[in-house]
Amino acid sequence: MNALGNKHILLGVTGGIAAYKAPELVRRLRELGATVQVVLTAAGGAFITPLTLQAVSGQPVHTQLLSAEAESGMGHIELARWADLILIAPCTADFMARLAQGRSDDLLAACCLASRGAIAVAPAMNAGMWDSAATQRNLRQLIADGVQVFGPASGSQACGEVGEGRLLEPAELVACCAGLFGTNALTDKQVLITAGPTLEDMDPVRYLGNRSSGRMGYALAAAARDAGAVVTLISGPVALAEPPGVTLLRVRSASDMHHAVLERIAGMDIFIGAAAVADYRPAQASARKIKKDQEHLTLELVRNPDILAEVAARSPRPFTVGFAAETDDVLTYARRKLEDKNLDLIAANLVGAGQGFDVADNALSVLWPGGQQELPRASKPTLARQLVKLIAERLRASA
Ligand code: PMT
């Protein structure tokens, strides 16, 4: 496999105990065809030597911003231009803060600031540092700036605590990197995706809705497009820009979305239901504004059609992918939906305050008949690329 063939990856190693995993990461990146250069920060150098990283990368290791030798050859601008991807692994809380501020006071920070390419961070730190308000604020800033975030994983830590903050394993990081680059895995496939909420009108001024922002579905549309697919996106009302190169249809209610999907489903190779479709709608939308002249108001709701189940029941049918949004027992409910709706694959996410809905990052458990894969917390565009890659693999396996 040559998933990173001809790719230039600048690996930034910052000062955390997980720096000991950097040589294996370099080795695995190179195995997939990448050329790797390493920038080691001063703190990173306290954990691992330049000589080790030079030996595994086959390239001199860069450590100094103000080095006459470096500036004559590969200064921070040249390194930034050279890199298709700057991957910072491990990325400490301190480096996240400096990146979020746009500092340029060491070589790695300056390379990131000068970069016009992709930047990804793989955080690694104590669970308390990860949970802190400051780190979470920096994380949101980085995601808003378009930085990809790989992990962190959860588990026991070098400091003796248990929680979120472990560096993803090198194999997972390499898969995340491969997922960043267009794969042509879905060349010419027709893909129909639903995204966002549906709004169910009660009267001309009020509706029942949900917290979906559409980010997950829009990220999937972009990722499928980048993988070579011809993408149609059917979106509930959201405040997101139209993704370039994707046919976008805007709808409002579950009934609208149902009609739009059924009109376009014939000939589709893949259907992905990422929308948060309302299960119920008011039995009767009032033509006039409902007046508050009663102490109690009872609203009768009726079931909406299950779009995903209808698509999965068609013959012939596309490769059908659902989502499961759950507040508890995520895997049990997701497995049940996979089986009951006869899906090819389901992506399950935990939703609740600040999770899943209307946030920039997410984590998915992906299930299919006889298999399962975890996609650890990352920005929605990163997760979308990983999910599209997995869908392409499962599609091939099912052919
Ligand atoms: O939009 P974001 O803010 O980025 O948030 C992303 C998300 C949390 C909305 C997304 O990741 C997600 O989980 N989408 C599915 C939400 C949902 O409605 O889940 P569900 O478990 O209630 O539904 C299961 C599946 O059936 C979903 O694929 C849904 O699209 C589909 N469905 C549900 C009801 C219905 N009437 N028709 C359907 O097609």
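Both ligands and their constituent atoms are indexed starting at 1 by order of listing. For reference, positions follow the sequence shown, starting with 1.
Looking at Ala274 next to ligand 1, an N or O pair under 3.5 Å apart turns up. The shortest N or O to N or O distance between Gly273 and ligand 1 is below 3.5 Å. Taking any N or O of Asn349, backbone or side chain, at least one lies under 3.5 Å from an N or O belonging to ligand 1. Inclusion of Asp358 in the set of residues having an N or O under 3.5 Å from an N or O of ligand 1 is warranted. Residue Thr194 places no N or O, backbone or side chain, under 3.5 Å from any N or O of ligand 1. The distance criterion of under 3.5 Å between nitrogen or oxygen atoms is met by Ile307 with respect to ligand 1.
Heavy atoms of Ala275 come nearer than 4.0 angstrom to ligand 1 in at least one pair. Ligand 1 lies within reach of Pro305, whose nearest heavy atom is under 4.0 Å from it. Residue Lys341 places a heavy atom less than 4.0 Å from ligand 1. Heavy atoms of Gly214 approach ligand 1 to within less than 4.0 angstrom.
Proximity of a side-chain donor or acceptor of Thr198 to a complementary backbone N or O of Ala278 within less than 3.5 Å is detected. Using modelled atom types, one side-chain atom of Asp106 and one backbone atom of Ala109 make a donor-acceptor pair closer than 3.5 Å.
Looking at residues two or more places apart in sequence or on another chain, you find no salt bridge (charged side-chain N to carboxylate O under 4.0 Å, His left out) involving Asp145. The salt bridge (charged side-chain N to carboxylate O under 4.0 Å, His left out) search around Arg252 returns Asp201, not counting sequence neighbours.
Closest protein heavy atom to atom 31 (C) of ligand 1: Leu308 CB, 3.8 Å. When hydrogens are left out, the protein atom nearest atom 23 (O) of ligand 1 is Phe323 O, 3.8 Å; that is the closest non-hydrogen contact. The nearest protein atom to atom 2 (P) of ligand 1, hydrogens excluded, is given as Ser213 OG, 3.4 Å; this is a heavy-atom distance.
Each of Ile9, Val38, Val13 was scored for a side chain to side chain contact (heavy atoms under 4.5 Å, CB included) with Val26, with one residue passing: Val38.
Side-chain polar atoms of Asp131 and Gln136 form no donor-acceptor pair below 3.5 angstrom. Between the side chains of Ser365 and Glu374, at least one donor N or O sits under 3.5 Å from an acceptor N or O.
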